[in-house]
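Report on the structure given below.
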Amino acid sequence: MSTKKTVNQNIFQVIETQEKQNEEHRGIPKAKFLEKIKTLIKTPQEASVMLKNLETIYSKYKFMENNLLRQQIRVKQKIPKLEENIEMINFLKLKNEKGGSLDTRFKISNNLFVNAEIEKCQNVCLWLGANVMMEYPLDEAEQVILKNLSSAKKTLEILKKDLGFLKDQITTTEVNRSRVYNRHVILRRNLQNTTTKKK
């Protein structure tokens, strides 16, 4: 069997096959710990190819990690804003119950505000994204925001689990990379010693 064919078979021993992937973690492939390095890699060429494959897998894991971290930051920023919106709706409901007007200040443009007096607030406008705003009655608006808040908190929990899982795969890949590199060094040294003895 040629070195190329052996290496190509060994590439897939670095990560689990598609069928074995854990669907719980957004299809992130599970890194497989390479236990029998000596039987897996027998020549310096095999070690070089395996190192290259591990580098590719490692860079993909790091790319996934950066994407998940960016998503996590966006969701974390969204949660306090949603909580503030719920507080504001509750404040408006309370103001309606007590009666009287509400004095507030509206932003017209950057550094330009205008004072306003609201007699009774029955509806609010919510940004839905993509420059779309809709008007809702207070109760309905509260339900929409509570649903978004619940969804954001669930997403944050999923992201935390996925990042934990991904960090484990990165660590496994780093350990594999170190072990394959050490094997590569040993094989090259053995090859040099054998060549020196023959001379």
Side-chain angles (χ1 to χ4, degrees), residues 1-82 128-132 147-199:
M1 188 184 286
S2 67
T3 302
K4 190 175 180 183
K5 194 172 180 185
T6 307
V7 170
N8 285 339
Q9 286 176 340
N10 292 340
I11 290 166
F12 299 104
Q13 293 179 22
V14 176
I15 58 170
E16 296 284 353
T17 58
Q18 202 71 24
E19 297 83 45
K20 291 183 183 177
Q21 279 181 21
N22 193 342
E23 290 302 319
E24 199 176 306
H25 299 285
R26 298 182 193 221
I28 298 167
K30 186 172 169 37
K32 188 176 178 184
F33 179 71
L34 303 176
E35 291 181 28
K36 298 174 182 177
I37 291 285
K38 287 182 182 178
T39 55
L40 191 65
I41 300 166
K42 295 175 182 170
T43 67
Q45 291 83 5
E46 286 181 356
S48 295
V49 174
M50 185 65 85
L51 276 172
K52 192 176 176 183
N53 291 322
L54 284 165
E55 280 300 324
T56 303
I57 290 162
Y58 180 76
S59 64
K60 285 179 181 177
Y61 279 140
K62 291 305 278 183
F63 177 76
M64 284 185 244
E65 184 184 39
N66 288 335
N67 282 339
L68 290 178
L69 286 169
R70 278 198 296 271
Q71 284 178 39
Q72 190 181 47
I73 289 165
R74 279 197 303 270
V75 173
K76 276 183 178 177
Q77 288 170 344
K78 191 191 283 186
I79 288 171
K81 290 176 184 174
L82 291 167
L128 301 178
N131 292 328
V132 175
K147 187 180 175 184
N148 289 345
L149 182 62
S150 172
S151 175
K153 285 179 177 177
K154 281 178 189 172
T155 302
L156 193 60
E157 283 303 310
I158 291 165
L159 285 167
K160 280 179 187 174
K161 285 178 185 175
D162 286 348
L163 279 164
F165 177 77
L166 194 53
K167 282 179 183 172
D168 290 344
Q169 308 325 303
I170 288 169
T171 303
T172 303
T173 307
E174 285 171 343
V175 170
N176 284 340
R177 210 168 45 165
S178 299
R179 295 181 75 231
V180 171
Y181 178 78
N182 291 340
R183 179 69 178 154
H184 186 237
V185 169
I186 290 165
L187 288 168
R188 280 181 60 200
R189 194 181 302 138
N190 291 346
L191 189 67
Q192 285 173 350
N193 290 342
T194 307
T195 310
T196 309
K197 284 178 185 176
K198 283 181 181 177
K199 288 180 181 179

Problem - With sequence neighbours excluded, residues passing salt bridge (charged side-chain N to carboxylate O under 4.0 Å, His left out) with Lys52 - result: none
Exercise for the section: Return yes if some donor-acceptor pair links the side-chain N/O of Tyr61 with the main-chain N/O of Thr171 below 3.5 Å, else return no. Expected result: no
Exercise for the section: Report the distance from atom CG of Asn53 to atom OG1 of Thr173, rounding to the nearest 0.5 Å. Expected result: 12.0 Å
Exercise for the section: Would you check if Leu54 and Met50 make a side-chain contact, meaning some heavy-atom pair closer than 4.5 Å? Expected result: yes
Exercise for the section: Would you name the heavy atoms of Lys38 and Lys42 that are closest together and state the gap between them? Expected result: O-CG, 3.8 Å
Exercise for the section: Test side-chain contact (heavy atoms from CB on, under 4.5 Å) on Leu187 and Thr43 and set out the steps. Expected result: CA-CA 6 Å; Leu187 288 168; Thr43 67; 5.5 Å; no
Handout entry: Set of salt bridge (charged side-chain N to carboxylate O under 4.0 Å, His left out) partners for Arg177, sequence neighbours left out
Key = Glu55
Problem - Of all pairs that satisfy salt bridge (Lys or Arg N to Asp or Glu O under 4.0 Å), the ones with a partner from residues 165-174, not counting sequence neighbours - result: none
Practice task
List the atom of Gln169, the atom of Ala31, and the distance in Å for their closest heavy-atom pair.
Solution key: OE1-N, 2.8 Å
Exercise for the section: Tell me, please, which residues at least two apart from Ser178 pass side-chain contact (heavy atoms from CB on, under 4.5 Å). Expected result: none
Fill in the blank from the handout: Applying side-chain hydrogen bond (donor to acceptor under 3.5 Å, both in side chains) to Lys62 and not counting sequence neighbours gives Glu65
Practice task
Mind checking the OG1-CD1 spacing from Thr172 to Ile57? Nearest 0.5 Å is all I need.
Solution key: 11.5 Å
Fill in the blank from the handout: Quick note, side-chain hydrogen bond (donor to acceptor under 3.5 Å, both in side chains) partners involving residues 179-190, not counting sequence neighbours, are Ser48-His184
Exercise for the section: Kindly compute the distance separating CD (Glu35) from CG (Asn176), expressed to the nearest 0.5 Å. Expected result: 10.0 Å
Handout entry: Beyond-backbone contact of Ile79 with Leu149, side-chain heavy atoms, under 4.5 angstrom
Key = yes
Please tabulate, for the side chains in residues 67-74, all donor-acceptor contacts under 3.5 angstrom to protein atoms that are two or more places apart in sequence or on a different chain.
| residue | atom | partner | partner atom | Å |
| --- | --- | --- | --- | --- |
| Asn67 | OD1 | Arg70 | NH2 | 2.5 |
| Gln71 | OE1 | Arg26 | NH1 | 3.3 |

Exercise for the section: Please check if the side chain of Ser59 supplies one atom and the backbone of Thr56 the other of a donor-acceptor pair under 3.5 Å. Expected result: yes
Problem - CG on Asn66 to CG on Leu166, rounded to 0.5 Å - result: 9.5 Å
Handout entry: Residue list, side-chain contact (heavy atoms from CB on, under 4.5 Å) with Glu157, at least two apart or on another chain
Key = Lys160
Exercise for the section: Compare every heavy atom of Val180 with every heavy atom of Ala47, then report the nearest pair and how far apart it is. Expected result: O-CG1, 3.7 Å
Practice task
For Leu82 and Ala152, work out which heavy atoms get closest and say how close.
Solution key: CD1-CB, 4.4 Å
